[in-house]
Structures are given as C-alpha cells and as structure tokens.
Amino acid sequence: MSEEPTRRDVLGHAVRGTALLGLGGLVAFLIRKADAEGTWRIDCDKCVNSRLGAVGEEVCDLCASECVLALSAVRAVNDFSKCGRCYICPAYFDIKSAINAEGLPSQKLCPRDAIKREPIGWIDEDDPANNFYEYTIDEELCDGCGKCVMGCKEPAGLSSIRLEVRHNLCLDCNRCTIASVCPDEAYERRMWPTEEAAG
Amino acid sequence: MPVKQAWVAIVCGLMACAVAVGDDWPQFRGPKRDNISSETGLPRTWPEGGPKVLWSTGVCQGYAAAAIHGGRVYINDYSEEATEWYVRCLRLADGEEIWRFKESKRIRPNHAITRTVPAVDGKYVFSLDPKCIFHCLDAETGRELWRKSLVKDYQAKIPPWYNGQCPLIESDRVIIAPGGTEALMVALKKDTGEELWRTPNPGKWPLAHSSVMPAEIGGVKQYLWCTLFGPLGVSAETGELLWFYPRKFNIAVAPSPLAVGKDRVLMTAGYDAGSVMLQLRNEAGRFAVEPIFDRTSAEWSSDVHTPIVFEDHIIGVSRKKRGLLTCLDLDGNTIWDSQEKASFELGSYLMADGLIYILEGKTGMLRLVEANTTEYRELASAQVLDGHDVWGPLALSNGKLVVRDMTKMVCLDVGPPASASRVERLGIEGCESPEANGEEPIKANYRQVAVIAGADAKRGRFNETLNGLALDSQDRLYAVGDSVVRVFSPAGELLREWTTERPGYAVAVAEDGTVYVGQAGQVQVFDKEGKLRATWRDAERLGVVTAIGVVGDEVVLADAKDRCLRRYDRQGQFINNIGKDNRMHGFLIPNGAVDFTVDAQGVIHAANPGRHRVEKYTLEGKQVGRYGRFGGSDLAGFTGCCNPTNIALAKNGRVVVTVKADPHVKVFDAGGEKLLAIVGREAFDPNCKNMDVVVDSRGRIYVADTVRLQICVFAPEEAATQPAGEKTVKP
C-alpha cells in the first residue's frame, strides 16, 4: 500500500523534471546548432604533414600563417599512447642539423621551442641513449606550424603527433581562411553529429 | 586489404621432379651478403591458401631474423618476463629447440627489442647483443667460448634503439665495427677472438646500425661500413681505412653500403637522408671517391633495408607511397615500381631463383614477384603473418622460408612439392639403387679404403682449410689448404710440406715435378723440393685461382673471380682466355669455384655447375662438346643451384665428379653420359662443398672433405684388394 506523497516529494519531482527538460532542450539546441553549422576539423589522412606515404614534401605551415587569430587556433597534439619516447626524437630534434659531441642533432626542430621533454621511468646511466622521454607540447607557444607532425610521421616516427583545431580558440568563421587555402582540402567543415551517427 | 589467394596449385611435371637443394643462409643477407639465395627449382605459383606452414614459434617483440646452417636455425631472442637475452638454436625441419644460450639483461622495448641476425659457420655462432656484447658460442651446444664488450673493449656507446649490427664471417675471422673511440672496425680470429687487425677511429665516428659488407672494389678486397658521418671502406688485409666519403646521415643508419659492380657503392638510409651512389677509383692504392648521383628521400631512398643488385640494376623498397618496390638503373632512374599494385612499408625481401619473396610490413602479406628489369610482375601472394611491423629479414634454405612479424616466427615450405621426399631419398643415410627408378643398374663398385690427414693422423692435419688436390706421376698426393702444401705417399704418409705465401686454393704438378699453387691474386711456382722459383702476380687475371692444369709447356688456370680459365705458358706469360666468350661471359658458379681437368688429348673438361654440366674446350678456347644435365628424378642428372662442382678423369676415361648439398661422388663412363657409380654417400660431412677430386693411376678416387679437413680414398673393387702403395694395374 502506497503512502500519500508529501509536499517535499512533489516539489522534488517538479525540480528534477524541470532540470531534465532544460537539459534535453540544451542538447537539442546544440545538436541543431551543430547540424546547421558543423565545426572546423583537420583530416589527418589528407593533411600533407601527417598523410602517410607523402615523403620528402615541404612542411605545410598554412594553419599557422593563415588563421585570422594572432596565434592560430591550430595546435600540435602528442598522443602519448602512440609516442615512442625516443632519445632522438625526429619531431624534437632537427635531425638534419650537425651532430654534436654527444652524438645528438645540434638543433631543435620547433622554431618556437614549444616541445619539452623529460626523462621518465628507469634511468640507465650506462645507456643514456635508450632512456625514455616524455614529450609535451606547450600550447601557449605552439602555433600549429606542422613541422613536428611531419617529423613524427611514419615510418621515421610513429605518427603520434597530429594537428587539431582548438574549438575553445576557433572563431568558427563561416569562411575559414585556413580552409580556403589548404592545398589538400584537409581543413574541412564537418557535420560531425550526423556523420558520426551514420558512421 | 583483402587477402589475395586466387592462385591454384599448378605444378608442372618438371617442377614436380625438381629438387630444391641450396645453400645455407648462415648470416644476415645470406652466404654472400647480397640477399640472394642460390636455391633453384622454386615454384612460381603457390597452392590455394599459400605455402604450407611447417612450424611456428613465439618470439620476443622485434625484428631479429634467422640464420640457417646445416639444418639448424639460429635466432636472437629475449624474454621480457625473465629479463633474459637468448640465442636459440632450432631444428629447421620442425622448429624444435635444440639449445638456448641465455644471459640476464635488462632491455627496454624501445621500438621493440630484438633486431639482429647471428652469423654461423657450423662450428661457431657469433651474436652481437642489444647492449653490444659480442658472443662467440659453440654451434653444437650453445656454450659460450669467448666474448668482447664493444663498450669496455673499444669504448663504444650503445646506440639509440640498441645494437642493430650483424656480424660478418669471413674464412678464419669475424668482422665487426665497434664504432668506439678505440676502434672503428676489427677483425677477430673465430676460434679465440684474438684481434687480427683494428682500424683506428680518429674521427670518433659512432656505432651505427649498419652492418659490415664485404666487397672488392678497384681490385682491392675491402669491408664497407657507414656511420652517421658517411660511408667508408677498410682494407680486408690490413684494416687500413682506404676511403671515406663525408655525407651526413640522420638519426640512425640502418641499411648497409652496397657494392655495385667493381667500382661503385650505393648508400641509402631513412630519416630524410636520401641515397648516394659513389664512384671509386683506385689510384695507385689511394681511392678517389666521387658521387655519381645524390637523391633526396622524395626521389628514392630505403629506410631500413639494403637493396639488391640484380642484372646491373638495383631493386629495393623505397620510402615513397608507403613503400614501393622499385627497380632502378645504375644512374638512379626508376625503371619500374609497384605503384597501384602493392605497398610494402618497411617489409623485408630476398631474391632466389629469379623470384623476389617480399613481405608487406604492416599486414604480413607475402608476395611472390618475378625478378626482372622490365616491370613489376606479381606471381602469387598469401597472408602468412598477422603483422604488424613485419620488418625482420627473411631467410631461405632448402626450400624453407623463415619469416617473422613482431611476435611470431614462421617456417614456410616454398620448395617444390616433391622436394622433401626426394631429398630424403637422396639423403646421406643411404643411396637408392637406380634399379628402383627403373634405371640401369650401377656398373661399377667402389669402396672407401683410407682416410688421409684424418683426425687420427699424427702428422699432416689441416687446421682451417683444405682446398686443392693433385697427383704426380708416382701417385704421390699433393694437398693444399691453410697456407701449406703437403705431400703424401700413396699409403697416406706425410712425405714433406712447405708453406705458401697465401692460402692455396689449387695445386698441380708438372711431369718435371714443378708444383703450381693457385692462390688469391697469384700463383706460386715451386720446384719438386718445395723451393720457391717464381710468383706470378696478376690481380686482373688471377683473381682467385681455384684449379690448375699443366698441358705440355703450358699451364691452364681457373680464375673464379672472373669465372673463366686462363692459358699461360710455363714462364707465366698470358696467352688467352677459355670459357669467357659465351652469353654469360664465363662459367656460372654460385658455389664460388671453377674446376676443370685435362684429358689425354689436351681437351679441357670444365665443370659449369650453374648450368649443371661439364663443358669441353680446346686450349684456344673453342667449345667442342659438353655432357651432363639437370635432373632431380634422374640419378645421372645434377640438381641444386650448382653441380657438379669438381671434376677429374681416370686413366680409363671415366669421368669422376663431386657434388655438394648431399655431398657425394658420381662416376660416369668415358663419355660422361652413363652413370656407373655413386660413391661416398656417408663418407663426407653434409656441409661439404667444392670437394676437389683426383684419380690415381689405379683408378683410386681421392676426395677432399672440406669440412672435416681430410682426404677420403675410394677404390674400385678390383683395386681395393691391392695393398696401398702397390701398383699392379696400369691403365
């Protein structure tokens, strides 16, 4: 046998119901917004900096130079799960620079020194060349020029670094200046909710 | 990618009868370090589902591949759980482990762990482990005999991604490049590790992943290597640095320098290093080096694997389009590639019998491609591994292809279907009677009557090599090997001995007792007492003298380096070449030696093992006949890559030849057509090859066992009953 609902129960149901309705409305609004406008994304399989098989190509830095923002909304991102943590990282070092006394390339690759590294795990003093390093990208410095992405590409690297659009920075322009010059049509508007649902 | 398994077994009758008997694959890139196997009779199609998997074994993550010798597979391996590093010895037939050497060692999975191939000669196993300890093991038991530390002994630094270098075995020595401040390269005695020479390293060029490659350039035997600072060549004789070409390579140099012809070297590497072809000129002992072309990685380069030189072309996987198999001419122009047909990423490959076996580096698909210089032509494909990172080199021996991916090693049967049963039937365990095949019965019987310079001999043993035999008019036996000539009585007693300047490969005795000893680059002439009378030096015409015959006032020499015979007068003046003027510009000798004999009419009978026959020439070089044929089902035929290897004629005209891979002797009638006897099926070490043979005046056959370093004597039944040293039968 059920008891009569108290005034407290009725008020509680009312608040929860209102909150659910509001949340549902917000989701619907966002979906409609996304459906209508989509977001700017970079297709790594098209971008020359990350596209496998495109070797000996010049690095494309249009993401850095063409964005309307002073510091582009595009950043390089290192996927730690794929990173080899190498002593001589082809994205960290300019591997074509002269070799120094320690047997390392004498120059770094990033023109803005945005990549930092720290040794991690067991440190073998007798075998420094096989210690592991964690490479992180300083998003305050990175401008998405793509040099490290090209350097990390397979087979030399493990393709752990890719370019991404930071949506908290992106102004979502309808006529994105990067997209308009991207030679590979890799910078594209994606109606991702519907496409991903279909996919 | 869908599995392409559309090939149906179409094996023609000839193929069914063929026998895939071939060389071992004793080290990185095979016997000659050229990544080409001398196996023949390999099918050009595969059954549906691909080649049969004979066995598989789990291996530690990596790229360490197999060396195969004498039916055994040797691999480097590691256990991450036990933190132990291994050298494992497996049986090629079924993959069963025979022994393993282990050592506690902590190695990180830095782009995988294992990545090198041991080198084996049947007696020793050499392995350079990830932390640069160089081990010499007993091939039979796996017991460590000696070791060197590249770090402690030569002040080398362990390179990033650990050691990637594979040792090189050369006759009595093993070559490695420590890349330490104390030594750039060293030659060590195989048995003791004693240093024969070392190359200084004033430039402090660091240890690279590249391996030492043997080459002969500008007439000088040398060892090629490459560091991050550029390729170089070191004298094989002295260890002196002969040349160095400064060119920067990046991060790591995985491929090895590739000798192209007699005066070029190709060096290619990954990490945007590109490729450079060098022209070397020997200018009175000093090498001048100039680039013929220098390509960027966008044009052509190979990241990991060293290409193959094939018919004046270069075949390898380039970095472009995710790994196109490419054929280049010697000027670096692309003749064909696999674009829109296949991409191999960093997959490995080898060549055999006009075929390329090549793995897709990501997927483990094995493709069979025709080796040619006109187009990419695929013959078959099969999914043989699961991937990923199928980068480890391949190894092929006796129709068995050993491949691996990141964690699994697999042995595939790529030989002809009948090979296994046929090899067993022809195995050293016994000789099948020709009657069983409906052939004529054997007409002659021989039995072994003696062993000369054997293990029991108190005097006259050979230590390292036994190469050439000859008889004088008194049936005294002359044998050369090591750097010595030994003369034995017909009863096998050592009569005298004397040294030679270099190891002898061949010996002959003239009627007047003059003794000619063929060596590398020269012939030494001794009188009958062993006193040196002359040395004929001719680097161009006497590359490696592997046979000698005296014909009246002339001497005929076999030059294995140029694959032909040279006719000289007794004063050492060159007269003409023999066997050079044919479509192949010489004899086909994958076995590395030319042998011949001369009959009573002065006609030369020269073994042409790559063509499975004996060719007859006049002294002027005109070919006047031939006999012998390829045939696996026909006991009178010759099989494998290259047989017969050596030849002698008996006084009664019988043709006596030796064959390798299941080594034995075949005796034919005077025309060389009818097989009379198969001799010595159980007498020789199974790894013997190029067994020199002579026949004395009584028909006794003397054969050099080149592994056990002894001479086996076989007598026809009628002579076997006669005491040694007594001649009662005079032909």
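Naming: A, B, ... by sequence-line order, numbering from 1 per chain.
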Using non-hydrogen atoms only, which part of A:Pro90 is less than 4.5 Å away from chain B: side chain, backbone, both, or neither? both
Would you call B:Lys131-A:Asp124 a salt bridge at under 4.0 Å N-O? yes
Using non-hydrogen atoms and a 4.5 Å limit, figure out which bit of A:Phe132 sits close to chain B: side chain, backbone, both or neither. both
Is B:Arg247 salt-bridged to B:Asp294, cutoff N-O under 4.0 Å? yes
Salt bridge or not for A:Lys116 and A:Asp138, using N-O below 4.0 Å? no
Contact origin within B:Lys204 toward chain A - heavy atom pairs under 4.5 Å: neither
Basic-acidic side-chain contact under 4.0 Å: B:Asp272, B:Arg319: yes
Can we say A:Glu188 and A:Arg190 salt-bridge, meaning some charged N sits less than 4.0 Å from an Asp/Glu carboxylate O? yes
Out of A:Ala54, A:Cys86, A:Gly84, A:Ala98, which one racks up the most heavy-atom pairs below 4.5 Å with chain B? A:Cys86
Give a yes or no on whether a salt bridge exists between A:Asp43 and A:Arg162, defined as a side-chain N under 4.0 angstrom from a carboxylate O. no
Measuring heavy-atom distances to chain A, does B:Thr296 have an atom under 4.5 Å in its side chain, in its backbone, in both, or in neither? neither
When heavy-atom pairs shorter than 4.5 Å are enumerated against chain A, which of B:Cys132, B:Pro160, B:Gly323 gives the highest number? B:Pro160
Region of B:Pro206 that comes under 4.5 Å of a non-hydrogen atom in chain A: neither
